[in-house]
Every structure is written in C-alpha cells, then in structure tokens.
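Have a look at the structure below before the remarks.
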Amino acid sequence: MRPDAVLPARADVIIVGGGTAGCVLASRLSEDPRVSVLLVEAGRDHLPGHEPDDIMDSFPRAATPGHLWPGLTAERRPGQPPRPFEQARVVGGGSSVMGMLAMRGLPADYDGWAAAGAEGWGWADVLPYFRRLERDLDFGGPAHGREGPLPVRRHPPESWPPFCRAVTAAAARQGLPLAGDLNDDASDGIYPVPMNNSARHRVSAATAYLDAAVRTRPNLIIAARCSVTAIRLRERRAVGVDVVRDGAARAVEAGEVILSAGAIHSPALLLRSGIGPGLAIDRPGVGADLQNHPLLPLSVVLRRDAVQPPDVRPAFQNCLRYSSGHPGTPAADMFVTILNKTGLHPLGRRIGGLMLAVYGSFSRGSVSLDPATGTPRIGFDLLGDERDEARLAGAVRFAAALLADEEVRRTADQPFFPINGALVQRLSRPEPASRIVNRLATAMLDAPALLRGWAVGVAGPPLRTLLDDEERLHRFVRENAVPTGHVCGTCRMGSDEAAVVDGRLRVRGVAGLRVVDASVMPAIVRANTNIPVVMIAEKAADIIKGERT
Ligand SMILES: Cc1cc2nc3c(=O)[nH]c(=O)nc-3n(C[C@H](O)[C@H](O)[C@H](O)COP(=O)(O)OP(=O)(O)OC[C@H]3O[C@@H](n4cnc5c(N)ncnc54)[C@H](O)[C@@H]3O)c2cc1C
C-alpha cells in the first residue's frame with residue numbers, strides 16, 4: 001500500500017485521524033473483507049521498516065516539528081499567554097511520538113466512568129480489551145494478555161541505575177514499598193515502569209496494528225497527508241467528509257464516519273461541521289470538559305558515578321504512585337516518574353529528575369474554535385481546581401523529603417526546577433554551537449560549589465528557595481505547571497444532556513457518526529492515556545462489528 005494512496009469516492013467506513021485509536025480501528029474493522037475502510041490522516045505515513053529513526057528510538061525523541069501539528073498553542077491558565085502545545089500529526093498519532101509508558105489506570109477509574117453514565121465501560125467490561133491489546137512479557141494470570149499486538153515490558157529492579165535505586169530505598173523508608181505490576185495493583189509504592197517498546201525500538205499503534213500484512217488488505221486504504229475539513233451532513237446523518245490534499249478539496253461519501261482525530265481535533269471538527277453548543281445541531285458538551293494531568297519537572301545533578309550506563313537507552317525505569325490524602329481526592333492520585341537521565345547528550349546524562357504530577361486531577365478547560373482562523377483554541381485552566389494546586393504544591397514537599405535522604409544525596413544533589421525552557425532546548429540541539437555549550441555546561445557540573453550553583457541557577461530556581469514560604473511555593477506551582485499530552489474528555493461519553501456520545505460512542509442526535517479516541521473519556525484516568533485509548537478503540541471495534549452481524 002502506498003502512503004499517499006488515491007482517495008476513493010466512497011467507503012463503508014471513513015476513519016478520520018490515523019493516530020492511536022485510528023490505527024487500531026482501521027486494523028480491526030478491515031478484518032471483515034466485506035467492509036471497505038478508508039483511514040484519512042493529516043500527517044505522513046511511514047511504511048513498515050521505513051519509519052524514521054527518531055520515531056523508532058526507544059528513547060523518546062520524536063516530538064519534533066516534522067511529526068507535530070504546526071502552530072498549535074494552548075493557554076495553560078486563564079490570562080497566561082498561549083504557548084506551543086504538542087499534538088502528533090503522523091500515522092500512529094500520539095503513539096508515534098509519546099514517552100511509551102504503558103499504563104492502564106485503576107479499576108476505580110473505569111467503574112467511575114460507568115457510574116457517571118458510560119454504560120458498559122466499567123472495569124469488568126474493559127478488562128478483556130486491556131488483555132486483548134497486550135502481550136505482557138513479564139506478568140501473566142487472569143489480568144494479562146499474552147497474544148496481543150502491543151508488547152509491554154519492564155526494567156527489573158536489579159538493573160535500575162543508581163539514582164533510581166536510591167529513590168526506591170528512600171521511598172521504602174517513607175512507607176512506600178517496592179511493588180511489581182503497576183497494571184494490576186492499585187496500591188501506593190515504587191514500580192517498574194511498564195513500557196510499550198522493545199529494548200531499542202518503539203512499538204506504536206501503527207507498527208503494531210498496521211503491519212505489512214494488514215496493509216495488503218484490498219478493503220483498506222490509508223490516505224496520508226489528507227486533512228478532513230468537515231463532516232458532510234444530510235439532515236441529521238453523516239454521509240461523508242470533505243478532504244483537502246495538497247490544496248485540492250475532495251468529497252468522499254461514507255456509510256459511517258468515525259472521528260479519531262484526538263481530543264483537540266475531534267471536537268474542533270464537530271464544531272466546524274455545525275455540531276456543538278448553540279450550533280445547527282445543538283450539543284452543549286462538544287469541546288467542554290477538557291482534562292489533562294498537570295506536571296512539574298524537578299531536576300537533579302547526578303554525581304559522576306550515578307549516571308545511567310550508556311548501553312541502557314530508555315529514560316524510564318521506575319516510578320512512584322502515592323496517595324496525597326488531600327480532602328476530597330481519591331487514593332493513588334499522585335504519580336512521580338524517576339529519571340536517571342533526561343537527554344542523550346552529555347548534559348542529559350548528568351541531569352536526572354522527578355516528574356511530579358497529579359494523576360487524579362479535577363480541573364477542566366475547553367476546546368473552541370478561533371473565530372478568525374477556525375483553528376482549535378485550547379484553554380486548560382490547569383490547577384483551576386484548588387485541590388489540584390494544593391496537591392502539586394504538596395508533591396514538591398514530598399519530593400524534597402525524598403531528595404534529602406542520605407542515600408539519594410550520595411547519587412544526586414542541587415535539585416532545581418528547569419523552567420528556562422529556551423536554555424534547555426538550546427542545550428539539546430544537535431548543531432555544533434549547541435553541542436559546545438552543552439559540553440561546557442556539563443563541565444560546570446564538576447566545578448567548585450559556588451560556580452556550580454550559579455550554573456544550575458541559570459536553568460531555574462533551586463528547590464530550597466521555595467520551601468520556606470508556602471505562598472511563594474503555590475505561586476510558583478501555579479505559574480509553572482505544564483500540561484502533559486494526556487488530553488481527553490472533550491466529546492464526553494455519558495447519558496446526560498451534555499454528553500456528546502453514548503455508550504456505543506455514537507454522537508447523540510446524529511446518525512452515522514461516532515467519536516472513538518481520547519475525547520470520549522468521561523473523566524481522566526490515573527494513567528498515561530495511550531493504552532486506555534487503544535482499549536477504547538478495541539472495544540469500539542467490537543461494538544461496531546457486532547452491529548453489522
Ligand atoms: C508528547 C506526548 C507524549 C506522550 N507520552 C505518553 C506516554 O508516555 N504514555 C501514554 O500512555 N500516553 C502518552 N501520551 C498520550 C497519548 O499519546 C495519547 O493519549 C494518544 O495518542 C491519544 O490517541 P488519540 O487516538 O485520541 O489521538 P492521536 O493519537 O493524537 O491521533 C489523532 C490523529 O488524528 C489526526 N488528525 C487530526 N485532525 C485531523 C484532520 N482534520 N484530518 C485528518 N487527520 C487528522 C492527527 O494528525 C493524529 O494523527 C503522550 C502524548 C504526547 C503528545
């Protein structure tokens with residue numbers, strides 16, 4: 001199959017967006033040779049075996065302009081200037097650029113979905129699909145799958161590098177023991193990070209679900225570099241899509257249209273097609289309820305003998321889940337990724353860190369359309385819910401206690417917040433000038449304490465400067481929390497009036513139209529969102545196939 005296949009005049013099913021969900025759906029729905037499937041993706045396609053090195057690397061370095069939506073920005077908090085926001089534009093979508101953490105979330109997340117009106121999406125309903133999608137290389141038993149397209153593997157604790165090991169020991173002293181299977185244990189503790197890759201290579205939804213054999217199916221067309229501009233509606237039925245490729249517009253008819261354009265672009269497409277609050281088809285929930293995990297990266301300078309061995313490429317080895325205990329919040333609501341390296345360059349090997357995040361977050365923002373350009377306008381209102389702000393500020397104190405542990409201090413010191421983004425980016429660029437600055441900065445890490453402290457201070461404020469003043473800490477957290485790529489909730493599933501799709505993922509009030517991607521999540525899960533989206537698409541494929549028989 002050619003990446004830039006010719007667009008047909010009609011398909012039984014048109015899937016808009018070849019990201020995580022789109023790849024899964026295209027693969028599963030085209031298993032039935034009687035059904036013609038057209039997968040339309042705005043970004044590039046890469047044939048199996050011809051994917052670029054940056055996408056395939058097991059150290060995530062693909063979130064670069066060539067694989068992202070150009071010009072996309074988001075307002076983190078009301079009043080802050082919009083800043084660039086990363087969303088994938090390439091076949092595989094987020095799964096081609098993401099960090100590769102492979103988490104399911106907790107049973108209570110999905111039971112919460114069902115209780116909120118997402119009928120058929122409780123834990124017992126979704127577990128079979130989590131099993132179906134994976135090939136867990138470490139754990140078996142009733143919780144796990146052994147035959148699925150996506151490998152899930154972990155680095156065993158014996159192989160963890162020094163900083164990761166020291167934080168593990170410190171956490172144990174604080175009552176957070178070493179545990180095993182993050183995907184089948186809801187307790188607080190330190191876990192090996194489940195990863196969605198092989199030792200050297202990423203496994204995206206594209207490589208796993210659209211392999212060479214699937215691509216030979218005559219009933220599947222993958223049309224890359226094609227942007228869908230609107231859904232064609234006849235009365236209250238979706239009958240096709242308008243597509244633009246290389247500036248030329250085309251209409252393609254469909255028996256059914258499935259939006260899998262992600263939590264930013266799926267609501268934007270509905271709004272552009274006249275489906276949304278106060279529009280021709282009035283659906284108040286379209287673009288509302290945008291959720292995400294607020295995150296605050298904290299860096300440390302690793303001692304020379306604590307760097308990660310050069311032959312261990314991935315950055316993610318272990319992680320920590322704990323319960324904040326803040327009033328009105330669920331258990332296991334906080335997540336900390338422990339990094340023994342932050343880049344492939346010399347400086348990145350000497351800087352480790354703790355990525356502090358609220359995973360049981362409550363704040364909600366929205367996606368609307370910019371009236372001037374028609375492009376998505378994203379407002380997160382990160383930490384808008386005071387419980388999120390309080391818990392992220394609490395995470396800073398929690399991290400300070402871990403980093404003060406004697407054993408941790410023997411591996412790393414000088415904790416600081418790397419908020420000087422321009423500098424951090426400059427130090428990571430591959431050009432010769434940046435490489436020289438990078439080497440100089442690395443040399444500074446072994447300079448006398450005063451000079452070293454100064455060098456670190458250029459990158460961002462030291463942790464200790466925030467601990468004496470609670471108000472200052474909160475202000476800092478408010479101003480510097482960043483959104484992750486875990487956007488969801490903007491075409492929420494449910495049974496109430498504001499819900500956009502029902503439990504079968506059909507857009508309420510429009511025939512022949514579904515949304516299947518991260519936007520249908522009724523509430524964000526306590527996990528990175530890629531594997532939950534694969535689960536959603538696997539289950540959706542079963543629902544759709546069931547309707548055809
Ligand atoms: C930088 C980054 C790091 C992440 N790290 C992790 C991680 O480590 N672990 C994890 O579990 N999750 C991670 N995520 C989140 C995860 O990638 C997403 O939850 C998941 O990919 C969402 O899948 P989706 O199908 O909803 O949307 P996407 O995968 O974003 O797919 C949407 C697709 O639709 C296409 N599209 C959009 N509009 C149109 C249009 N009009 N016409 C045609 N095509 C269109 C896009 O180009 C894109 O390919 C990360 C995300 C990002 C951005």
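Counting starts at 1 for both ligands and their atoms, following the listed order.
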Exercise. Decide whether an N or O pair under 3.5 Å exists between V533 and ligand 1.
Key: no
Quiz item: atom 31 (O) of ligand 1: which of P194, G19, G17, A230 has the nearest heavy atom?
Solution: G19
Exercise. Just jot down the ligand 1 atoms closer than 4.0 angstrom to any heavy atom of V40, in number order.
Key: 43 (C), 44 (N)
Quiz item: Does R321 count as lying over the ring of Y191, i.e. NZ or CZ under 6.0 Å from the six-ring centre, within 45 degrees of the axis?
Solution: yes
Practice problem: Would you please say whether a donor-acceptor pair under 3.5 Å links the side chains of R202 and N196? | Solution: no
Quiz item: Is D289 salt-bridged to R364, cutoff N-O under 4.0 Å?
Solution: yes
Exercise. Just need the protein heavy atom nearest to atom 9 (N) of ligand 1, so name the residue and atom and give the distance.
Key: L101 O, 2.9 Å
Quiz prompt | Close side-chain approach of V507 to I281, heavy-atom, < 4.5 Å | solution = no
Quiz item: For atom 19 (O) of ligand 1, which protein heavy atom lies nearest, and how many Å away is it?
Solution: T529 OG1, 2.7 Å
Quiz prompt | Sub-3.5 Å N/O-N/O distance, G99 and ligand 1 | solution = yes
Quiz item: What residue and atom, counting heavy atoms only, is the protein's closest point to atom 23 (O) of ligand 1, and at what distance?
Solution: T20 CB, 3.4 Å
Quiz item: What is the closest protein heavy atom to atom 26 (O) of ligand 1, and at what distance does it sit?
Solution: A518 N, 3.0 Å
Quiz item: When you look for heavy atoms under 4.0 Å from ligand 1, do you find them on the side chain of S519, its backbone, both, or neither?
Solution: neither
Practice problem: Just say parallel, tilted or perpendicular for the rings of W123 and Y110, cut-offs at 30° and 60°. | Solution: tilted
Quiz item: Counting heavy atoms only, which of A42, G262, A88 comes nearest to atom 46 (C) of ligand 1?
Solution: A88
Quiz prompt | R272/D242 salt bridge by N-O under 4.0 Å criterion | solution = no
Quiz item: Which atoms of ligand 1 are found less than 4.0 Å from any heavy atom of S227?
Solution: 42 (N)
Practice problem: Start with the C-alpha distance between R104 and D184, add both sets of side-chain angles, then the distance that settles salt bridge (charged side-chain N to carboxylate O under 4.0 Å, His left out), and finish with yes or no. | Solution: CA-CA 9 Å; R104 292 174 169 180; D184 187 31; 5.7 Å; no
Quiz item: Side chain, backbone, both or neither: which part of M100 has a heavy atom under 4.0 Å from ligand 1?
Solution: backbone
Self-check item: Distance from atom 42 (N) of ligand 1 to nearest protein heavy atom, with residue and atom
Solution: V228 N, 3.0 Å
Self-check item: Residue pair D333 / V358, side-chain heavy-atom distance below 4.5 Å
Solution: no
Practice problem: Tell me which protein heavy atom sits closest to atom 10 (C) of ligand 1, plus the residue, atom name and distance to 0.1 Å. | Solution: N528 CB, 3.2 Å
Exercise. With the side chain counted from C-beta on, respond yes when S204 and I55 share a heavy-atom pair under 4.5 Å apart, and no when they do not.
Key: no
Exercise. Identify the protein heavy atom lying closest to atom 11 (O) of ligand 1, giving its residue, its atom name and the separation to 0.1 Å.
Key: N530 N, 2.8 Å
Quiz prompt | ligand 1 contacted by W69 (non-hydrogen, < 4.0 Å) | solution = yes
Practice problem: Using a 4.0 Å heavy-atom cut-off, say whether V90 meets ligand 1 through its side chain, its backbone, both or neither. | Solution: backbone
Quiz item: Angle class for the F139/H144 ring planes (parallel below 30°, perpendicular above 60°, tilted otherwise)?
Solution: parallel
Quiz item: Should one rank G93, G485, A261, S266 by closest heavy-atom distance to atom 32 (C) of ligand 1, which comes out on top?
Solution: A261
Quiz item: For atom 29 (O) of ligand 1, what's the nearest protein heavy atom and its distance?
Solution: G94 N, 2.8 Å
Exercise. Please could you name the atoms of ligand 1 that S260 approaches to less than 4.0 Å, counting only its heavy atoms?
Key: 32 (C), 33 (C), 34 (O)
Quiz item: Counting heavy atoms only, which of R89, E86, E41, M98 is nearest atom 13 (C) of ligand 1?
Solution: M98
Self-check item: R313 with D57: basic N within carboxylate O range, under 4.0 Å
Solution: yes
Exercise. Return yes when C226 approaches ligand 1 closer than 4.0 angstrom through a heavy atom, no otherwise.
Key: yes
Quiz prompt | Any H46 side-chain heavy atom under 4.5 Å of M56 side chain | solution = no
Quiz item: Is A21 close to ligand 1, meaning an N/O of one under 3.5 Å from an N/O of the other?
Solution: yes
Quiz item: H293 vs Y359 aromatic rings, parallel, tilted or perpendicular, using cut-offs 30° and 60°?
Solution: parallel
Quiz item: Any side-chain heavy atom of L354 sitting closer than 4.5 Å to one from F163?
Solution: yes
